[in-house]
Protein chains: 2
Amino acid sequence: MKIILDAFGGDHAPEEIVKGAITSVNLLDDVEIILTGSTDKIKKVLTDYGYSGSKISVVEASEVISNDEAPTTAIRQKKNSSLVVGLNLLKENDDIVGLISAGSTGAVLTGATLLVGRIKGVNRPALAPCLPNLKGGETLLIDSGANVDCKPEYLAQFALMGSEYMKAMYGVDNPRVGLVSVGTEDHKGNNLTHEAFELLKSMNNINFVGNMEARDALSGNYDVLVCDGFVGNTLLKSTEGAVQAVNTLLKQEILKLGLKGKLGYLMLKKAFKGLKNRMNYTSKGGAAFLGVKKLVVKSHGSSKAETIYSCVRQVVALTNANMVKNLESGITSLAQNEG
Amino acid sequence: MKIILDAFGGDHAPEEIVKGAITSVNLLDDVEIILTGSTDKIKKVLTDYGYSGSKISVVEASEVISNDEAPTTAIRQKKNSSLVVGLNLLKENDDIVGLISAGSTGAVLTGATLLVGRIKGVNRPALAPCLPNLKGGETLLIDSGANVDCKPEYLAQFALMGSEYMKAMYGVDNPRVGLVSVGTEDHKGNNLTHEAFELLKSMNNINFVGNMEARDALSGNYDVLVCDGFVGNTLLKSTEGAVQAVNTLLKQEILKLGLKGKLGYLMLKKAFKGLKNRMNYTSKGGAAFLGVKKLVVKSHGSSKAETIYSCVRQVVALTNANMVKNLESGITSLAQNEG
């Protein structure tokens, strides 16, 4: 199974990306990695880490797209960037199943839409990260920011795509879909969610459980949270900010206690570490960009080798479960039911 | 200074509301409280707590509006409810400065808008709670859910009203206003925030510092966060949910450690308590409903006497600072600039 890694996307590129490639081919038998980027620099890292096998290949790409660049312009003008070269390879080669990039989110989404293309019938591909929930599982948030102005039909498709993802990735039988709203009652919401609610209720290929509140996003009572990208982005970033704030405040309060605080902290160190692990994304892959013709995964900008390896496993799992094909069928049957 | 308390709003009504009234008149010299609700029941609580002074009066109201009722219907039909009687008193008496209710949020907002009325020129009154921030101060979120479908002009007025609140309540000189968006760059956002951004930039009576991300809501880098009510509600509830999730997970992790965990927890107990205090709203009053002709404060449904007392102090502070008058002038000059 061939997977492309954008070797020059992310804060720790290319070193951590290349290390992630080495880990992946070492641990996953069937996987071959294609790295895109400066051949010289990539080969140097491969040599530094003693890799001389044949399961990693390099495709030259002399340019890099940064986070500051306007996505559409960057994709159009930097034809030799590691991302554009990678996306074109992905499009043109049937035996390459997916691409992973830790680079500019906007460029990855725009590039995937323009170069790889949407699945027939999909209005808007959507970015769908997983949040660790209180029941020890994962909850998918779709859309987390790719589409800031949505129509109700987009949300209906998000629900379908998110459900297919949870089935393929985690084997969830009948994913519970919640519509993010300002209250759980059916009539709560704004113009967009009122219309989306009726659409979701009428769909027979998803398990719509009704409106939900952002307060319960991490409860584990939902497998898929559906919302427009502006709301999803707010939900995701508020959650990150609040977790960070609690950590900061607790540290300050512990420091106030002096020696006693230090001792108490040492005794609970394992618990704090456990908490960090459970809130942590690095071992859980990246955010899938659902609705394009092939698998595209956006890994966090700060990704290190371990995260890259997780993203590779994610692409392998989704490939083995035929997610893209299932998603295509779902979209087709959704269109037929509506038509 | 006369203030109305809806004695039959909230989970702990009437007892905790009446206790809050007693605390308020005992601790605040100039304050007189008018309690609305069943005279018999209120008088019983006053007797139980040994209050026989003249600074608390009772106005009979035989009905109660519950959280399950549709707000508009409830306000129209339950003319003898503690809330409607209170709002009518507030409207009709110049010497009564404000009303506090821990009852149904929808009913309080609808009732205040219909019965007390909007300030001339205000498009939509907005609900504005304060969040405790990492710098030890408060950050106002406006709107937190009263208006789920907004126009750009509404957001411009929210910015103005929020600024006046922070000046009046906390003496913030030149409140920093951030527009909640999906990135900090000027061009980030959706159709609504793009237009609102231009309006906010053009206003000379606020200190607009640009787009902000929900991740920084608690940073203390902003005094006022402006957004539509759907986004604000998502931000607020995501934050609550994440704080709750961290607590739950940390508890689970500490329990796993057995005796060591128990000991460590005891040593850090003060720190956990300090954290709880800093994240806690009870000592900080309620959410002001800004844009109506008089002060209306929505206290949390679970409010106990301490919170009610905080809300009374809040109404006193806002009255002394002439907030409603200042807000009226601001709205007038905003309309003139636009005109």
Side-chain angles (χ1 to χ4, degrees), chain A residues 70 133-134 145 148-149 180-183 187-193 213-219 227-231 233-250 252-257 260-261 263-275 278-279, chain B residues 70 133-134 145 148-149 180-183 187-193 213-219 227-231 233-250 252-257 260-261 263-275 278-279:
Chain A
N133 66 44
L134 288 177
V148 292
D149 290 295
V180 180
S181 190
V182 293
H187 68 276
K188 287 287 172 80
N190 59 9
N191 291 338
L192 173 66
T193 67
E213 294 185 287
R215 184 186 284 136
D216 294 320
L218 307 179
S219 66
C227 53
D228 75 64
F230 197 97
V231 166
N233 198 267
T234 303
L235 191 160
L236 191 67
K237 287 177 179 166
S238 302
T239 302
E240 282 178 27
V243 171
Q244 189 57 48
V246 173
N247 283 336
T248 305
L249 288 176
L250 188 56
Q252 289 174 1
E253 294 295 319
I254 290 175
L255 279 173
K256 276 187 198 165
L257 300 181
K260 196 174 168 186
L263 284 173
Y265 174 76
L266 283 173
M267 296 185 85
L268 295 187
K269 204 171 174 182
K270 230 174 154 176
F272 287 117
K273 216 178 157 183
L275 173 70
R278 288 177 67 177
M279 287 305 220
Chain B
N133 67 44
L134 289 176
V148 292
D149 290 293
V180 180
S181 189
V182 293
H187 67 276
K188 287 287 173 79
N190 59 8
N191 291 338
L192 173 66
T193 66
E213 293 185 286
R215 184 186 285 136
D216 295 320
L218 308 178
S219 65
C227 52
D228 73 65
F230 196 98
V231 167
N233 198 265
T234 303
L235 190 159
L236 192 65
K237 288 178 179 166
S238 304
T239 301
E240 281 178 28
V243 171
Q244 190 55 49
V246 173
N247 284 338
T248 305
L249 288 176
L250 188 56
Q252 289 175 0
E253 294 294 321
I254 290 174
L255 279 173
K256 277 188 198 165
L257 299 181
K260 198 175 167 185
L263 285 173
Y265 174 77
L266 284 174
M267 296 184 85
L268 296 187
K269 203 171 173 181
K270 230 175 153 176
F272 287 118
K273 214 177 158 182
L275 173 69
R278 288 177 68 178
M279 286 306 218

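Chain A is the first sequence line, chain B the second, and so forth, proteins listed ahead of strands; every chain is numbered from 1. These numbers come from the heavy atoms of this one structure, side chains and all, not from hydrogens, waters or symmetry mates.
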Problem set entry | The single option from B:T234, B:L235, B:T239 passing side chain to side chain contact (heavy atoms under 4.5 Å, CB included) against A:L235 | B:T234
Under a 4.5 Å cutoff for heavy-atom pairs, which residue among [options] has the most contacts with chain A?
options                        : value
B:K260, B:H187, B:K269, B:K270 : B:K260
B:N133, B:N191, B:L263         : B:N191
B:A214, B:G189, B:G229, B:A242 : B:A214

For this session: Please flag which part of A:L257 lies under 4.5 Å from any non-hydrogen atom of chain B: side chain, backbone, both or neither.
Result: side chain
Problem set entry | chain B contact via A:L218 - which portion, at a heavy-atom distance below 4.5 Å | side chain
Which atoms of [X] are under 4.5 Å from chain A, going by heavy atoms: the side chain, the backbone, both sets, or neither?
X      : answer
B:D216 : neither
B:Q252 : side chain
B:T248 : side chain
B:A245 : both

Highest number of heavy-atom pairs under 4.5 Å with chain B: which of [options]?
options                        : result
A:S238, A:G274, A:S219         : A:S238
A:I254, A:L249, A:L266, A:N247 : A:L249
A:S181, A:A271, A:G241         : A:A271

For this session: Could you tell me which residues satisfy side chain to side chain contact (heavy atoms under 4.5 Å, CB included) with A:N190, sequence neighbours excluded, listed by chain and number?
Result: A:L192, A:T193, B:V148, B:D149, B:F230
Problem set entry | Partner set under salt bridge (charged side-chain N to carboxylate O under 4.0 Å, His left out) for B:R278, not counting sequence neighbours | A:E253
